Amino acid sequence: MSKDNFTSKLGIVAATAGSAIGLGNLWGFPYKAGTNGGGTFVIIYILCALFIGLPVMLAEFVVGREGRGGPVGAVENLTNSKKSPFVLGGYMAVLTSFLVLSFYSVIAGWAIHYLVTGLTNGFSGVANIDTAKYFEVSSNNLGMQLVYQDIFIFLTATIVIFGIKNGIERLSKIMMPLLFIIILILVGYNMTLPGFKDSLSFLFAPKSIPADKTFFEILTSALGQAFFSLSLGMGAIITYARAVSDDMNINTISIQVIVCDLIVALLAGLATFPIIFSYGMSTGGGVGLAFIALPVGFKSMPFGYVFGNLFFFLLIIAALTSSISLLENSLTFIIEKMKFNRKMATIVLSALLMAFATLSQLGFNYSSSLLSFTGGETFLDQLDKLTMNYFIPIVALITTLLVGYRLDESIVRKQINNDKISNIFIPYVKYVVPVLIGIVLLSGVIG
Ligand code: PHE
């Protein structure tokens, strides 16, 4: 265990922020804000991250550091049982992280494709109005996308085989700040665009609900996106927390990670929407929104070739620091349960992932056929909804119930290690958070 421990406070913050900041912020947030009509979604999203995300993250830190195991192992250790409903939540977390990683790899594959296109100057021949078409044609190119997807899974597996300390810390510490700077530069450029003001009011003014959505759908989508973006509800924080030493302050770590994650998501919105508004594109561009808008921005800005390629390179790195955390989850499970060694477990899991991710790819090519169960939506869309709107909130709910009702209060207090915060956290995680998550889950069913 000791060789896997995080060596410093900066290490754990960087790794957790690396897990949190990823495609969820740069791809997911703008796309969901766009299809959900902007302001109302964004405001609910921010509230969800702060008032539900923060306590759930703390709860996951408590479970992981006290239980010293992965999402299943930690809960088994804490409840002294292998079959309690809490343990079931752990299994669900592992399944969810596998499903999420499968479609995550598809989207990360798009990012690799965009980097390759950018480096070979492939965007110069694509007119601004045609970036949507370009995205459609390239995401439908099955053979090519399978290669990029599998390259991504291969990279993830390679990093994971080298372990927490070597792989993750080093990568996160350097690359995340760099990504932040590039986004800031793009936002700075966007401020000069005519659509900047419109995008501010689109993103931050509460708006009427778009005609094809209900308020309930927006609520569910905002909470799911907040959990996803913060790496919650899949046991990822539990898995990292098992390697966090007892003298580290999980309260400040959680707050720092949430603030960074929120800032990056909002900046991603400001990197995307001014381009959308300035060039008359549709805010409801859907799953490809960032991939449609950003190349237009980079093409028009000074030194866009450099910034654009650097951006997609760093996006891939951000996706990797998230995917390693997703893989680490299922991996810890397989190692704990099936006694595989780390290398073997990684290889087996990656092969399974490559196979399963192919289903999402097929969905783009044959979306009208077998893989579309809800009519019209691609397989990827359906996986995204199933995991974010249902599985993830259910796991988060189970975790809060575990911490609120099953764990001894003294254990929670020891972990939080601050009386004032414990006095608020304990009743809040007992009586408020589960009710809030329950309401959103129910509203998802109604909506
Ligand atoms: N939070 C990551 C993102 O925003 C996704 C993720 C979820 C990573 C859960 C790890 C665990 O892209």
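Ligands are counted one by one from 1 in listed order, and the atoms in each one are counted from 1 as well. Sequential numbering from 1 along the given sequence is applied to the chain's residues. Bear in mind the structure is a predicted one, so any value in this text is a computation, not a measurement.
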Check: Only one of Phe333, Phe98, Phe86, Phe391 forms a ring pair (Phe, Tyr, Trp, His ring centres under 6.0 Å) with Tyr91, so which one is it?
Finding: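 Only one option passes, and that is Phe333.
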Are there over 12 heavy-atom neighbours, none belonging to [X], within less than 6.0 Å of that residue's [atom1]?
X      : atom1 : value
Phe277 : CZ    : yes
Lys207 : NZ    : yes
Lys343 : NZ    : no

With atoms numbered from 1 as shown, which atoms in ligand 1 lie under 4.0 angstrom from a non-hydrogen atom of [X]?
X      : answer
Asn25  : 4 (O)
Ala236 : 11 (C)
Ser322 : 2 (C), 8 (C), 10 (C), 12 (O)
Leu23  : 12 (O)
Met234 : 7 (C), 9 (C)
Ser325 : 10 (C), 11 (C)

Note to self: Tell me whether the rings of Phe228 and Trp27 are parallel (<30°), tilted (30 to 60°) or perpendicular (>60°).
What the structure shows: perpendicular
Identify the protein heavy atom lying closest to [atom], giving its residue, its atom name and the separation to 0.1 Å.
atom                   : result
atom 4 (O) of ligand 1 : Ala20 O, 2.8 Å
atom 5 (C) of ligand 1 : Phe228 O, 3.7 Å
atom 8 (C) of ligand 1 : Ser231 OG, 3.3 Å

Notebook entry, point to check: Should Ser325 and Thr321 be marked as a side chain to side chain contact (heavy atoms under 4.5 Å, CB included) after you check the CA-CA gap, both sets of side-chain angles, and the distance that decides it?
Noted result: CA-CA 7 Å; Ser325 141; Thr321 56; over 6 Å; no
Item checked: Nearest non-hydrogen partners of Gly297 and Ile275, listed with the distance -> CA-CD1, 3.5 Å
Notebook entry, point to check: Looking at Phe123 versus Tyr134, is the centre-to-centre ring distance below 6.0 Å?
Noted result: yes
Note to self: When you measure from the heavy atoms of Trp27 to every atom of ligand 1, does any distance fall below 4.0 Å?
What the structure shows: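 Not so, Trp27 does not reach ligand 1.
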Margin query: Tell me the nearest of Phe29, Tyr240, Tyr104 to atom 12 (O) of ligand 1, using heavy-atom distances.
Written below: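 Nearest option to atom 12 (O) of ligand 1, by heavy atoms: Tyr104.
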Check: Counting heavy atoms only, which of Gly24, Ser19, Gly22 comes nearest to atom 2 (C) of ligand 1?
Finding: Ser19
